[in-house]
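Beneath this line is the structure, given in structure tokens, with notes to follow.
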Amino acid sequence: KAVRDITFAPSGTSFLSSSYDTYTKLWDVETGQCRQKFSAKGRVPYVAKFYPEDPNIFLVGQGDKKIVQWDIRANEIVQEYDQHLGAINSLTFFDSNRRFISTSDDKTMRVWEFGIPVVIKLVADPSMHSVPAVALHPSQKWLVGQSMDNRIVVYSAGERIKPHKRKEFSGHLTAGFACQPSFSPDGKFLTSGDSEGQSSRVATCSWDGTIKYWD
């Protein structure tokens with residue numbers, strides 16, 4: 001069945017795929033072989049994310065509103081995070097990987113301390129839309145989310161997670177699509193897909209006075 005998400009291990013030698021066949025599979029990049037597969041009693045995995053501090057641990061956000069923590073060595077779930085009211089859309093580590101933020105179809109963002117299944121911060125507002133994709137700025141000071149009202153919203157990623165209402169990005173159409181935003185390595189540029197099919201084009205400017213439009 002269709003694959004919903006893939007994520008690489010920090011080493012780049014393996015990756016996880018999450019599929020509607022209810023399995024999350026661990027693949028070897030070099031050989032293309034499936035090393036291991038994981039299934040939580042038939043629940044559909046929507047998104048997976050390696051724990052950056054330990055390649056043997058990963059999180060899976062599921063369609064049944066739960067986030068589960070797997071240990072690859074034991075091939076078992078060692079922790080559950082169960083507070084959302086809708087399917088899990090994204091998982092993003094921040095704060096030197098001590099915390100992670102989850103987004104959901106319930107139109108909330110929830111902050112967790114890794115390993116402790118208690119929400120330490122709920123980000124919710126009646127005006128919020130679902131945020132299916134999140135990216136962390138290279139400085140780790142900011143989080144951006146692809147909001148389903150055709151905006152990219154910005155949040156501080158310090159001790160307090162709060163919206164930066166004066167800073168947002170708009171002008172693209174993404175409603176109904178989980179377009180992943182992405183920062184350039186130096187953090188100066190933010191890119192996003194667009195439902196109108198212009199996702200492969202980008203404009204750059206240079207110190208030599210030229211502006212180039214890339215396809």
Side-chain angles (χ1 to χ4, degrees), residues 1-82 84 86-105 112-117 131-138 140 143 145-146 174 177-185 191-193 195 197 199-200 202 215:
K1 292 187 177 181
V3 174
R4 196 181 191 281
D5 179 73
I6 62 170
T7 184
F8 278 92
S11 66
T13 58
S14 61
F15 68 92
L16 292 166
S17 64
S18 300
S19 169
Y20 286 103
D21 65 6
T22 74
Y23 284 99
T24 298
K25 295 184 178 180
L26 177 66
W27 300 85
D28 186 286
V29 171
E30 185 174 352
T31 66
Q33 298 298 310
C34 179
R35 293 182 185 173
Q36 211 166 336
K37 59 183 181 179
F38 313 85
S39 184
K41 299 180 180 178
R43 308 299 185 188
V44 176
Y46 273 30
V47 60
K49 190 72 69 175
F50 279 100
Y51 178 47
E53 302 298 320
D54 186 345
N56 294 303
I57 302 292
F58 66 91
L59 300 177
V60 173
Q62 302 179 157
D64 67 347
K65 314 172 189 177
K66 293 182 180 180
I67 302 165
V68 293
Q69 182 176 319
W70 285 90
D71 187 317
I72 292 175
R73 295 158 296 191
N75 199 339
E76 65 180 14
I77 293 172
V78 295
Q79 187 63 272
E80 285 191 357
Y81 306 81
D82 185 12
H84 275 292
I88 310 302
N89 290 323
S90 73
L91 301 165
T92 307
F93 284 98
F94 69 104
D95 190 19
S96 300
N97 303 317
R98 292 184 299 143
R99 295 183 286 166
F100 68 91
I101 190 165
S102 57
T103 66
S104 165
D105 283 350
W112 314 76
E113 189 169 335
F114 180 75
I116 301 175
V131 178
V134 173
L136 177 66
H137 189 270
Q140 299 204 12
L143 289 158
Q146 189 75 263
T174 57
F177 297 88
C179 295
Q180 177 67 48
S182 179
F183 285 102
S184 60
T191 61
S192 169
S195 63
S199 59
S200 64
V202 64
D215 190 352

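Sequence positions, counted from 1, serve as the residue numbers for this chain.
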Looking at A87 and Y46, what are the two nearest heavy atoms and their distance?
-> CB-CE2, 3.5 Å
Do V68 and W70 come within less than 4.5 Å of each other through their side chains, counting heavy atoms only?
-> yes
From R73 atom CZ to N56 atom CG, the distance as rounded to the nearest 0.5 Å = 4.0 Å
When rounded to the nearest 0.5 Å, the distance separating CG of D28 from CD of Q33 is 8.0 Å
Set of side chain to side chain contact (heavy atoms under 4.5 Å, CB included) partners for K25, sequence neighbours left out | S17, D21, Y23, W27, C34, K37
side-chain contact (heavy atoms from CB on, under 4.5 Å) between N89 and V131, intermediate numbers included | CA-CA 8 Å; N89 290 323; V131 178; over 6 Å; no
Rounded to the nearest 0.5 angstrom, the NE2-CG distance for H84 and D82 is 10.0 Å
Please name the pair of heavy atoms, one in A133 and one in C179, separated by the smallest distance, quoted to 0.1 Å.
-> CB-O, 3.6 Å
Can you list the steps and then say if L59 with Y81 is a side-chain contact (heavy atoms from CB on, under 4.5 Å)?
-> CA-CA 10 Å; L59 300 177; Y81 306 81; 3.9 Å; yes
Exceeds 12 heavy-atom contacts within 6.0 angstrom, atom CZ of R4 | yes
Hey, is the main chain of G86 close enough, under 3.5 Å, to the side chain of S104 for a donor-acceptor pair?
-> yes
Show the numbers, then the answer: is there a side-chain contact (heavy atoms from CB on, under 4.5 Å) between D71 and I57?
-> CA-CA 5 Å; D71 187 317; I57 302 292; 3.8 Å; yes
Pick from F93, F114, Y51, F38: which one makes a ring pair (Phe, Tyr, Trp, His ring centres under 6.0 Å) with F58?
-> F38
Does the S19 side chain pair with the main chain of A2, one donor and one acceptor, at a distance under 3.5 Å?
-> yes
Please answer whether the main-chain N or O of K49 pairs with a side-chain N or O of T7 as donor and acceptor at a distance below 3.5 Å.
-> no
Looking only at atom types and distance, does a side-chain atom of Q79 sit under 3.5 Å from a main-chain N or O of G115, one as donor and one as acceptor?
-> yes
dist K1:NZ -> T22:OG1 (nearest 0.5 Å) comes out at 8.0 Å
Can you name the closest pair of heavy atoms from I77 and A40 and give their distance?
-> CD1-CB, 3.8 Å
Which heavy atom of D5 sits nearest a heavy atom of A48, and at what distance?
-> OD2-N, 3.2 Å
Are F15 and V29 side-chain neighbours, meaning at least one heavy-atom pair lies under 4.5 Å?
-> yes
Rounded to the nearest 0.5 Å, the CD atom of Q62 sits from the CD1 atom of I88 at a distance of 8.5 Å
Does Q36 use its side chain to pair, donor to acceptor, with the backbone of I72 at less than 3.5 Å?
-> yes
At their closest point, which heavy atom of A135 faces which heavy atom of P181, and how far apart are they?
-> CB-O, 3.5 Å
Can you tell if the side chain of W112 reaches within under 4.5 Å of the side chain of L91, non-hydrogen atoms only?
-> no
Rounded distance [0.5 Å steps], CD in Q146 versus OG1 in T103 = 11.5 Å
Looking only at heavy atoms, which two atoms of Y20 and V44 are closest? And how far apart?
-> CD2-CG1, 3.7 Å
